[in-house]
Each structure stands twice: as structure tokens, then as C-alpha cells.
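Residue numbers run from 1 in the order of the sequence given. Order of listing sets the numbers, starting from 1, for every ligand and every atom in it.
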Amino acid sequence: MKITSVAAALLEPWPWVLIKVRTDEGLVGIGEAYHGAGVHNIAVDPRLTERALIGQDPRNVDKLFRDMKNSMSASGFYQGAVMSAISGIEMALWDITGQALGTPIWQLLGGTFRDQIRVYNDCNEGDNADDPLSWAQKAKQVEARGFDALKFDIDPRPTQRDRYNRTIRNTDIAFFVDVVTAIREALDPDTDLAIDAHWRYAPADILKVAYAFEKLDLLWLEDPIPPENIAALREVKAATRTPICTGENLYTRHGFRELVEQQAADIISPDLAKAGGLAEGKRIADLADTYYIPLAPHNICGPIGTMASCHVCAATPNFHVLEFHHLDNELWNSLTVERDLIQKGRIDLPRGPGLGVQLDEDVARAATKEDVGGFYA
Ligand code: MG
């Protein structure tokens, strides 16, 4: 079997990037790359396609992953949009391989530890962002739809006087504590609550928040400080009982090595649609497992990238919970032939060959902003 073409589609309004790899035997693989400027164009760049993929056997997934990394420079070191494009292509190669063998991808990754993938819903604040009870009401509404894990953001408030020094005013600390306490008290004790700080704060300031959160038994506090300094994060993690999660902007196992070896996070959150795809995601998970660190993949993909991530979540003993960002987004729900993939905060493990779900081509075409390389040819 040989790869004959690679194509990509950029969707709207959400800029999901779908990848399609075709073969001379008629098998077609689908993947999704983390969105970003030009990722769909990079995916069909001849330096990736003609140099590394066209004419090659798509089932040599790991070799082709290496070849893609090496095809643009001898260093093979890529992050950002290039690694996102490679990640989406890698998923499509797994989809082809699974279809060719008549088996789901998770089987090829070592088999499954679970029949369902637990997902957490990323929530926005309530209708009135200044009222903690409004946030709590939103949390109750989402919990009532069957989710037993939720996440809210504590971004800097408009009242924050100086966003550049990363400090937090005492009144804003008190507000964050009021909001998260209100949410926590509204939820069932067994519903998990995560809080995302989006890298915005100085260690000493976010620690005041983390200390106050300790009695709330959060699932985690995500990205408490800026992402560039692992030693600083290790200090934060060591200083509080509130679990710390990070990793959505790290690429490949090499990007996670120091974070994991320094044990600077309690939970890691690679985004598999940018960190290198499925086999690399499994490697990152295994690396984390050597330090008993659970895996909670970041995910803002459409259903293709989400379902692809599920295969790694299934095959990973230290999987914790998978992110979901698109509650009430009808396009998310209609982009696959199989609808309502998330039921009561769980995704049933796909049992069909390859990815196990099919892109609804008509729905995708109607939402496509740009088709490069003949995605619908
Ligand atoms: Mg985040």
C-alpha cells in the first residue's frame, strides 16, 4: 500500500483542521491537527508530503513520523504549527493502518484499559461573571447533564491593576476564592472540579489562591504560572496541596522530559493534536507513568481529534480525564456520521476499525473555509 495524496480542510467558525491521507488501495485516513495559523497549509507542504509521505507505506507510522520530523530540517526538531500538522497526519496514518488490519487504533497501541473515556466539560462563567452564584448555577446545569468533572477559568479580572507584573489584588484573590467555593459547594462531592489560571500569575500570588483552594479538594489548578520555567513550577507544586496540572503547550516526549523528571506537575495535559499524535502521546503517557503522574489530555478539537485522543486514553493506564470544549456546539455533534458521541460525560470506546468514526463529508464541506490539496476531491 502506498500514500497517494495528503489534503487538509480548514473549517469555520471554529478553525478545526482536518487531514485526509489517501492510498493507492482506496483506504482513506482522517486526522485532526490542532488549529493555528497556516497549519492546514503546512500539512500539504511538499517538504512534508513529497519528501516524506507520497509513495510510502502508511502503515509504517513511526518511521513516517520520524521522516516527517526530518523532512524540513536535519535537526528534526519542530514545535508549534509544524508539529501540529505532523500530529494530524500521524492520526490519519493510524486510521489507515487500523482499517487495513480491521482493528481499532487502541488495539494497536497495546489494547484498552477501559470501555469508556471520561471527559470533563470546560465551562464558561455564568450569565453574570461578577456573581459567584451565577458560576455555581452554570456548574449545576452542566453537572445535571451527566458530567462528573468540570473546569472553570480564573483569568485576570478587568479590575486587575497591572497585568504585566502578574500580581493579583487581594480583592481579586477573595473573588476567585468566593467563586470556586460557590461552585464546589453547589456540586456533588464526587463531581471533580478543575480550575485553569492560564499562565497569568506570579508564583507567590497564585500560591495565595492555591492555599485557599486546598480545603476545596480540586481536581487540579492548571497552568498557575507562565510556562517557560520548570524550576519555578516545581516550587509552586511543592508548596501547595492543590494538585498542579500543565502541559498543553509542550511538544513531543522531549518537551515533557524535564517537566516529568523534575516532577514539577501532579498531572500532565498534553494536547495530542499538537504534541506529536497518538504514538507520541502514548510515549508521553508512559514517561509520566514512570513518576506515577496521571494524564489528562488537553483537547479543544472537533470530534475527529477528540475520538483520536480517546484511543490513547484507552490504551494508557494512567489516563485520568479528557477535556471537552464544545457543549451545545451543534457542528461538533454533527461532524461525524455517528452522533451524540458524549453521553453523560463519557465516550464509549470506538470498536470499529481505525478511528472508529466517520467524517460526515456533507456537514464538513458546508463548514469548510479552505480546502487545500483536494480534501473533497
Ligand atoms: Mg488550559
Side-chain angles (χ1 to χ4, degrees), residues 14-16 32-36 79-81 83-84 87 117-125 129 135 138-139 142 147 149-157 163 166 168 176 179-180 183 192-203 205-207 209-210 213 216 218-230 232-233 236-237 240 242-251 255-256 259-260 264-276 281 284-285 288 293-302 305-306 309 312-313 319-327 329 332 345:
W14 270 84
W16 292 322
E32 181 173 352
Y34 184 86
H35 69 83
Q79 304 191 340
M83 188 50 70
S84 296
S87 302
I117 305 305
R118 185 186 187 210
V119 296
Y120 72 87
N121 188 70
D122 190 288
C123 307
N124 302 314
E125 71 271 8
W135 295 57
K138 177 69 178 285
V142 175
F147 288 90
L150 283 64
K151 187 166 85 182
F152 286 84
D153 302 331
I154 51 164
D155 293 324
R157 304 185 74 208
R163 295 186 176 201
R166 307 188 179 96
I168 318 175
F176 292 154
V179 160
V180 177
I183 297 170
D192 283 318
L193 174 62
I195 299 296
D196 195 340
H198 283 148
W199 312 276
R200 303 302 288 273
Y201 304 115
D205 288 68
I206 196 64
L207 273 174
V209 179
F213 284 170
L216 302 177
L218 297 185
L219 184 60
W220 67 68
L221 175 62
E222 182 169 324
D223 296 323
I225 64 169
E228 303 96 339
N229 190 324
I230 286 174
L233 186 62
V236 169
K237 182 230 174 193
T240 179
T242 295
I244 300 298
C245 176
T246 194
E248 69 184 67
N249 284 335
L250 298 177
Y251 296 85
F256 279 88
L259 175 73
V260 171
D266 296 284
I267 298 131
I268 61 162
S269 53
D271 189 312
L272 306 183
K274 67 161 93 161
I284 292 165
I293 295 173
L295 185 87
H298 177 260
N299 169 47
I300 59 172
C301 279
T306 301
S309 297
V312 174
C313 298
F319 166 70
H320 198 356
V321 61
L322 172 67
E323 184 162 14
F324 173 58
H325 244 270
H326 296 283
L327 195 64
N329 179 344
W332 195 102

| query | So do I168 and F176 actually touch side chain to side chain, heavy atoms under 4.5 Å? | reply |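 Touching, per the 4.5 Å side-chain cut-off.
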
| message | For a 4.5 angstrom cut-off between non-hydrogen side-chain atoms, does T240 reach F213? | response |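 In short, these two side chains do not touch, never coming nearer than 4.5 Å.
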
Just by modelled atom types, is the P297 backbone N or O under 3.5 Å from a matching donor or acceptor in the S269 side chain?
->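 Looks like no, no N/O pair under 3.5 Å.
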
* Leaving out waters, which are not shown anyway, how many protein N, O or S atoms lie closer than 2.8 Å to the Mg ion (ligand 1)? ->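 Every protein N, O or S atom under 2.8 Å from the Mg ion (ligand 1) counted, the figure is 3.
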
Name all residues meeting the side chain to side chain contact (heavy atoms under 4.5 Å, CB included) criterion together with P226; count only those two or more places apart in sequence or in a different chain, and write none if there are none.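 Partners of P226 under the side chain to side chain contact (heavy atoms under 4.5 Å, CB included) test: R166, E228.
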
Query raised in the report: Looking at G305 and E32, what are the two nearest heavy atoms and their distance?
Result: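 The pair with the smallest heavy-atom distance is N-OE1, 2.8 Å.
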
* To do: Please report the shortest heavy-atom distance between H320 and I267, naming the atom on each side.
  =>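 Heavy atoms only, the tightest pair is CD2-CG1, 4.5 Å.
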
